[in-house]
Amino acid sequence: MMIPVLLALSAAVLVRSLVSARLDRWNVAAPVVMIAAGALAAMASRGVDLLPLVNTEVAQHIAEIILAVLLFIDATEVRGGRLWGRYPGIVGRLLLVAMPLSIAAAMVAGALLLPGLSLPLLLLLACVVIPSDFAAAERVVRDPVLPARVRSVLNVESGYNDGLVSPVFLFALILSGTRYPERTPQEALATALPFALKAVLVGAALGAVLATVLFSAQRAGWSTERSRRVAVLAVPVLTYAATVAVDGNGFVASFVCGTVFRRVFQAKAIPLIRTATREDPDRRPVLAQDLRLLEDATGLLTHAMWFVVGAAAVVVFAQGVSWQEVVFCVAALTVLRIVPVVLSLAGTPMSGRDRFLVGALGPRGTTSIVFGLLAVNGLAEGEVADTILSVTVLCVLGSAVLHGLGSAPLARLLVRPRRRPEEPESPATAAGARVEPPLRRPTSSPVEGIHHRPDNEA
C-alpha cells in the first residue's frame with residue numbers, strides 16, 4: 001500500500017510545482033491540489049483502508065515534528081523588533097480576547113451539537129478547529145487590495161495563535177485521559193504547567209546558544225552557505241527532541257526557540273550589516289538564506305499532510321458524517337471566529353469592514369491537522385475518536401474551499417482597490433504567514449537581509 005501512496009503523493013507534488021504559477025493566477029492554492037490528489041488516490045485504492053496512515057505512532061511523530069518546525073518558522077518571522085508586530089494592541093486583543101472567546105464559543109457549540117463529548121474533549125476539539133493558519137490562503141495576505149493593517153494583523157496573529165493554543169491543547173489532552181491516565185483538572189494543570197515551564201527554559205536557552213553558534217561560525221569562516229542551511233534545519237528538530245526528552249512541551253519550546261533565535265541573531269547582525277561593504281559579501285549575516293532549506297523541506301512535508309487529509313476524507317465520508325458535525329464545522333469557520341473578533345476589536349481604529357475582514361479571513365490548516373491527529377492517536381478507537389477525526393477533516397476541507405478559494409474574491413468584493421501611485425507594489429508581510437518572498441528586496445532598511453520577508457508597510 002505504501003508504494004502506490006508514495007507514487008500518487010510525489011506525482012501530485014511534481015504536477016503542482018510545475019504549474020504553480022498558473023494555479024496561483026487561478027487562485028488555486030497548494031492545499032486544494034494536494035487534498036484533491038489524496039482523495040483521488042484513496043478512491044483509486046478500490047476500498048483499501050488508508051486510515052492506518054493516519055492512526056499510527058509514526059504518523060503522529062511526523063505530524064509533531066512538522067508542527068514544531070512550523071512554529072519555529074513562524075517565530076523567526078516576527079519583524080521590526082516588536083514581538084506583536086506594528087499593531088500590538090490589535091494583535092493582543094485578537095490573541096488574548098478573541099481567541100479565548102472563540103474557544104469558549106466552540107465548546108458551547110460542541111456541547112449543543114455533539115452532546116456525547118465531555119468537557120475535556122470539547123476543549124480538545126475547540127483547540128483543533130479554532131487556530132488559524134494561512135497555508136490554505138497564503139495569497140490573501142499578499143493581496144495589495146487588502147489594507148496594510150489587515151494584512152499585518154493577520155500575519156502576526158497566524159504566527160502566534162498555534163503556539164499559544166499548544167499548552168491549552170496539552171492540558172486538554174492530559175485532562176481527557178489521552179496518553180495519560182485520566183486526571184482531575186488540578187492534576188492535569190499541575191502536569192501541564194511544568195511541561196510549559198521546561199519548554200520556555202529549554203527553548204530560550206537553545207535559541208540563544210544556537211543563534212550565537214551559527215553567527216560565530218559564519219563570521220569565523222568555518223561554515224559554508226549550504227552547511228548553515230542544514231544547521232538551521234536541525235535547530236527546531238533538536239529543540240523539540242531535547243524538550244520532549246526532559247518531559248517538556250516541544251511545541252512551545254520550538255516557538256520560543258525561534259523567537260529568541262531570531263532576536264539574538266538580529267542583535268549580533270545589525271552592527272555588521274550597517275558597516276558591511278561590497279568587498280566582504282560572504283560574511284554578511286543573512287538569516288533569510290539560511291532559512292530557505294528549512295522552509296522548502298517543511299513545505300514538502302506540509303504537502304504530504306494535506307494529501308493525507310484528502311485520503312482520510314474519502315474514508316470519513318464513506319463511513320458517514322452527521323449533520324451536527326457539518327453544522328459545527330461551518331459555525332467554527334464563520335460565526336465562532338467572526339463574532340469574537342469583531343467584538344474584541346470594538347473601540348480600535350479599525351473600521352467595521354476591516355474588523356469583519358480580519359474575522360472572515362481566518363483559514364484553518366496544518367495546526368488543525370496536527371492537533372487532530374494527536375487527539376485521534378491519543379484516544380482509544382471508538383465513537384469519540386471517529387467524531388474528532390470527522391470534525392478535523394470537515395473543518396480543514398471546509399477551510400480549503402471557503403478560504404483557499406473564496407478569500408480573495410471576498411476581499412476584492414469588500415475592498416475597492418485604492419492604492420496610491422506612490423504606494424509600494426510588493427505586499428506587506430509583517431509576520432507569521434509562510435509566504436513566498438517578493439522578487440525585489442528593499443535596500444533602504446538598515447537591517448536588510450536579516451529576514452526573508454521584507455516589510456514595506458512603513
Side-chain angles (χ1 to χ4, degrees), residues 64-85 88 91-92 95-96 99 131 155-171 174 189-219 223 228 230-271 285 287-288 290-291 294-295 298 367 370 430-432 434 447 450-452:
E64 290 173 348
I65 293 173
I66 291 175
L67 181 58
V69 174
L70 290 175
L71 287 168
F72 176 84
I73 294 176
D74 281 344
T76 61
E77 293 174 353
V78 178
R79 294 198 51 79
R82 303 175 183 178
L83 289 179
W84 284 3
V91 173
L95 295 175
L96 302 181
M99 187 167 63
N155 272 310
V156 180
E157 182 211 4
S158 66
Y160 274 106
N161 58 14
D162 41 8
L164 295 177
V165 169
S166 176
V168 181
F169 176 82
L170 176 63
F171 170 74
I174 298 172
L189 187 61
T191 303
L193 285 179
F195 276 32
L197 179 60
K198 291 177 184 178
V200 172
L201 296 176
V202 174
L206 288 178
V209 170
L210 295 175
T212 302
V213 170
L214 179 71
F215 180 85
S216 301
Q218 179 179 359
R219 295 299 300 165
S223 62
R228 287 192 299 274
V230 175
V232 172
L233 178 63
V235 169
V237 180
L238 172 64
T239 302
Y240 176 83
T243 307
V244 173
V246 296
D247 292 330
N249 188 326
F251 300 140
V252 174
S254 297
F255 187 79
V256 172
C257 178
T259 302
V260 175
F261 185 91
R262 180 188 179 276
R263 291 177 69 85
V264 170
F265 193 96
Q266 175 179 337
K268 294 179 176 295
I270 286 178
L287 185 57
D290 298 336
L291 284 166
L294 177 63
E295 290 184 325
T298 307
T367 304
V370 174
R434 290 172 287 279
V447 293
I450 288 181
H451 199 273
H452 54 298

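This is a predicted model, so every value here is computed, not measured. In this chain, residues are counted from 1 in sequence order.
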- Task: Locate the shortest heavy-atom distance separating Pro236 from Ala68; write the atom from each residue and the value.
- Result: CB-O, 4.3 Å
- Note on the structure: Taking every heavy atom of Phe195 against every heavy atom of Leu170, the minimum-distance pair comes out as CD2-CD2, 3.3 Å
[atom1]/[X] to [atom2]/[Y] distance, rounded to the nearest 0.5 angstrom?
X	Y	atom1	atom2	answer
Leu67	Phe255	CG	CZ	11.5 Å
Asn161	Ser166	CG	OG	11.5 Å
Cys257	Leu71	SG	CG	11.5 Å
Phe72	Arg262	CZ	CZ	11.5 Å

Pairs of donor and acceptor atoms involving the side chains of residues 239-247, under 3.5 Å and at least two apart or interchain, shall be tabulated with distances.
from	atom 1	to	atom 2	distance (Å)
Thr239	OG1	Val235	O	2.8
Tyr240	OH	Glu64	OE1	2.7
Thr243	OG1	Thr239	O	2.7

Given side chains that start at C-beta, do those of [X] and [Y] come closer than 4.5 Å, heavy atoms only?
X	Y	answer
Met99	Leu164	yes
Pro167	Val252	yes
Thr367	Val165	no
Gln218	Phe265	yes

- Begin from the C-alpha positions of Val202 and Val256 and carry the test side chain to side chain contact (heavy atoms under 4.5 Å, CB included) through to its verdict. CA-CA 9 Å; Val202 174; Val256 172; over 6 Å; no
- Residues in side chain to side chain contact (heavy atoms under 4.5 Å, CB included) contact with Ala208, at least two apart in sequence or another chain: Val260, Val264
- Task: Report the residues that fulfil side chain to side chain contact (heavy atoms under 4.5 Å, CB included) with Leu233, sequence neighbours left out, ordered by chain and then residue number.
- Result: Leu293, Leu294, Ala297
- Can you list the steps and then say if Phe261 with Leu214 is a side chain to side chain contact (heavy atoms under 4.5 Å, CB included)? CA-CA 10 Å; Phe261 185 91; Leu214 179 71; 3.6 Å; yes
